[in-house]
Amino acid sequence: MTTKNSIRRSQAWFGQQDRDGFVHRSWTKKPGYPDDAFDGRPVIGICNTWSELTPCNSHFRELAEFVKHGVLEAGGFPLEFPVMSLGETQLRPTAMLFRNLASMDVEESIRGNPIDGVVLLMGCDKTTPALLMGAASCGLPTIGVSGGPMLNGKFRGQDIGSGTGVWQMSEMVRAGEMTQAAFTEAEACMNRSAGHCMTMGTASTMASMVEALGMSLPGNAAIPAPDTRRNRLAQLSGRRIVRMVEEDLGMARILTRHAFENAVRVLAAIGGSTNAVVHLLAIAGRIGVPLKLEDWDQLASELPCLLDLQPSGRFLMEDFYYAGGLPALMREMLPLLHGDALTVNGQTIGENVRDAPCYNREVICSMDAPFKPNAGIVILKGNLAPDGAVIKPSAASPHLLTHRGRAVVFDNIEELRSRIDDDAFDIDEHCVMVLRNCGPRGYPGMAEVGNMPLPKKILKKGITDMVRISDARMSGTAYGTVVLHTSPEASIGGPLALVRDGDMIQLDVPRRSLHVEVDDAELARRRTRWTAPPAPERGYVRLYVEHVQQAHLGADFDFLVGSSGALVPRESH
Ligand code: FES
């Protein structure tokens with residue numbers, strides 16, 4: 001059952017019959033492991049983002065036990081290790097500021113330890129890209145296990161979606177349509193089980209990307225966290241990673257250009273979060289696959305959305321799982337995918353999904369009768385976004401996709417909050433709200449503040465959407481005609497920094513353009529008066545600001561792009 005392999009990297013620690021081997025084995029034996037645990041069987045690292053400060057991942061200790069069972073059953077030796085966890089709802093100023101830091105933790109923890117293969121336990125938004133990025137820079141055989149979405153929220157007899165429901169209800173409170181007491185009651189109704197957000201927010205999107213990339217067993221994305229089939233998948237993943245080590249099935253054989261093209265197309269078909277654009281670019285950068293912002297437009301902007309899920313639609317991830325989950329959706333669009341892309345189970349995407357049944361056509365629509373046509377993420381360019389900006393038309397108001405309006409500019413999110421509900425504020429529903437200094441360097445960390453709240457006086461008119469433009473990101477659970485990731489960002493002198501109140505802005509999504517009606521000479525004049533914000537003096541934030549790349553490149557650190565492999569480092573004793 002056990003394959004002994006003297007060149008397995010864990011044997012550089014455990015296989016030596018000398019003082020160093022004694023040190024590595026003796027301390028590891030403390031829980032009571034017998035001698036044969038070190039006989040050359042695959043050592044599987046279980047990379048755990050459990051934390052009580054990351055509520056979406058708080059069930060991961062139990063999940064890790066199922067992975068361990070699977071590893072042991074297959075003849076491997078499981079060793080669980082913690083890495084920095086990123087709780088989207090808690091971390092300030094924004095969890096995205098720490099995605100790259102967590103990825104460094106993952107990368108160095110894998111490379112520096114006696115590990116032959118890795119199981120990544122990931123759930124809340126940034127934990128998934130951080131773990132994939134770090135693991136990709138090592139390239140060992142790796143399998144992803146997501147924590148799974150929460151059960152549907154239930155509030156006063158109705159389903160409510162995490163995130164999406166918060167934005168809707170908070171606007172209702174501001175418009176005087178919902179009491180504060182009802183709003184507070186909804187807190188316990190929305191998030192009522194283990195798991196991550198159950199809308200097609202960033203967590204569900206990235207779990208779907210893991211599966212579409214071939215980095216997890218089929219079905220991983222949608223199984224609800226409390227459903228015991230999630231534990232079963234974890235156990236099977238534990239078994240499978242042992243075989244992957246024996247087969248030397250490293251990440252580079254799975255994360256190919258074809259795999260990323262599949263992910264970009266699936267992102268359109270699920271109506272996924274715009275955040276996936278930044279994360280996929282960063283993951284591709286680590287594994288060395290050329291992927292560009294323009295690929296979203298060329299590969300997927302005209303694909304239909306097949307999934308009727310919040311925030312673009314009605315249903316939630318629990319419904320998606322019962323309808324057949326991602327395999328059923330990918331089967332529907334299989335002619336558009338690279339069916340020969342290899343996945344972690346040793347089979348191709350085509351083999352995995354070609355017989356996947358769909359049990360509910362209301363949730364997972366067919367290509368012939370899609371939920372929404374032309375729903376992929378669109379890349380905008382123009383004098384306001386020379387390096388690009390993104391918009392998710394499926395979450396926008398159709399009548400605003402072509403719009404010309406007067407700019408109302410906010411220099412930061414605090415200024416917006418202080419002015420937005422003033423009845424004397426000079427703004428109407430035809431204006432274009434511009435928020436700047438919220439990009440990777442500006443915030444810093446590219447916060448999810450791009451879906452700016454609308455002015456109260458406009459909400460009171462029953463208007464629920466306006467064109468909004470920023471260099472920020474937006475929560476995947478949010479919606480609206482919101483232009484995001486404008487690059488280059490304002491705080492490095494991007495054109496967004498030069499816009500003034502009253503400038504006319506044109507958004508033309510069908511033509512892929514974003515323009516401010518100010519001529520080049522005037523923009524150049526304004527640029528001479530622009531000054532860069534002061535740099536942070538010390539610590540991680542200084543490192544971040546000095547090295548983070550722009551959004552159109554994935555906002556990874558310049559010095560982290562690429563891979564260092566997993567050669568065994570030198571001995572320290
Ligand atoms: Fe963790 Fe939404 S807050 S996934």
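Atom set for the values below is all heavy atoms of this structure, side chains included, hydrogens, waters and symmetry mates excluded. Both counts, for ligands and for their atoms, begin at 1 and track the order of listing.
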Peer 1: Taking Asn412 for the side chain and Glu414 for the main chain, is one N or O donor matched with an acceptor at less than 3.5 Å?
Peer 2: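 Yes, the answer is positive, given that a donor and an acceptor are paired below the 3.5 Å cut-off.
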
Peer 1: How about CZ on Arg232, more than 12 heavy atoms from neighbouring residues, nucleotides or ligands closer than 6.0 Å, or not?
Peer 2: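 12 or below, so no.
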
Peer 1: How many angstroms lie between atom CD1 of Ile270 and atom CG of Leu306, to the nearest 0.5 angstrom?
Peer 2: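 It is 10.5 Å, given to the nearest 0.5 Å.
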
Peer 1: Verify, without hydrogens or angle tests, whether Thr164 (side chain) and Gly161 (backbone) share a donor-acceptor contact under 3.5 angstrom.
Peer 2: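 No, Thr164 side chain to Gly161 backbone: no donor-acceptor pair under 3.5 Å.
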
Peer 1: Are Phe98 and Tyr544 close enough that their ring centres sit under 6.0 Å apart?
Peer 2: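 That pair fails the under 6.0 Å test.
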
Peer 1: Which protein atoms of type N, O or S are found under 2.8 Å from atom 2 (Fe) of ligand 1?
Peer 2: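 Metal shell, protein only: Cys197 SG.
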
Peer 1: Between CZ of Arg473 and OG of Ser273, what distance do you get to the nearest 0.5 Å?
Peer 2: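 Nearest 0.5 Å value for the CZ-OG distance: 8.0 Å.
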
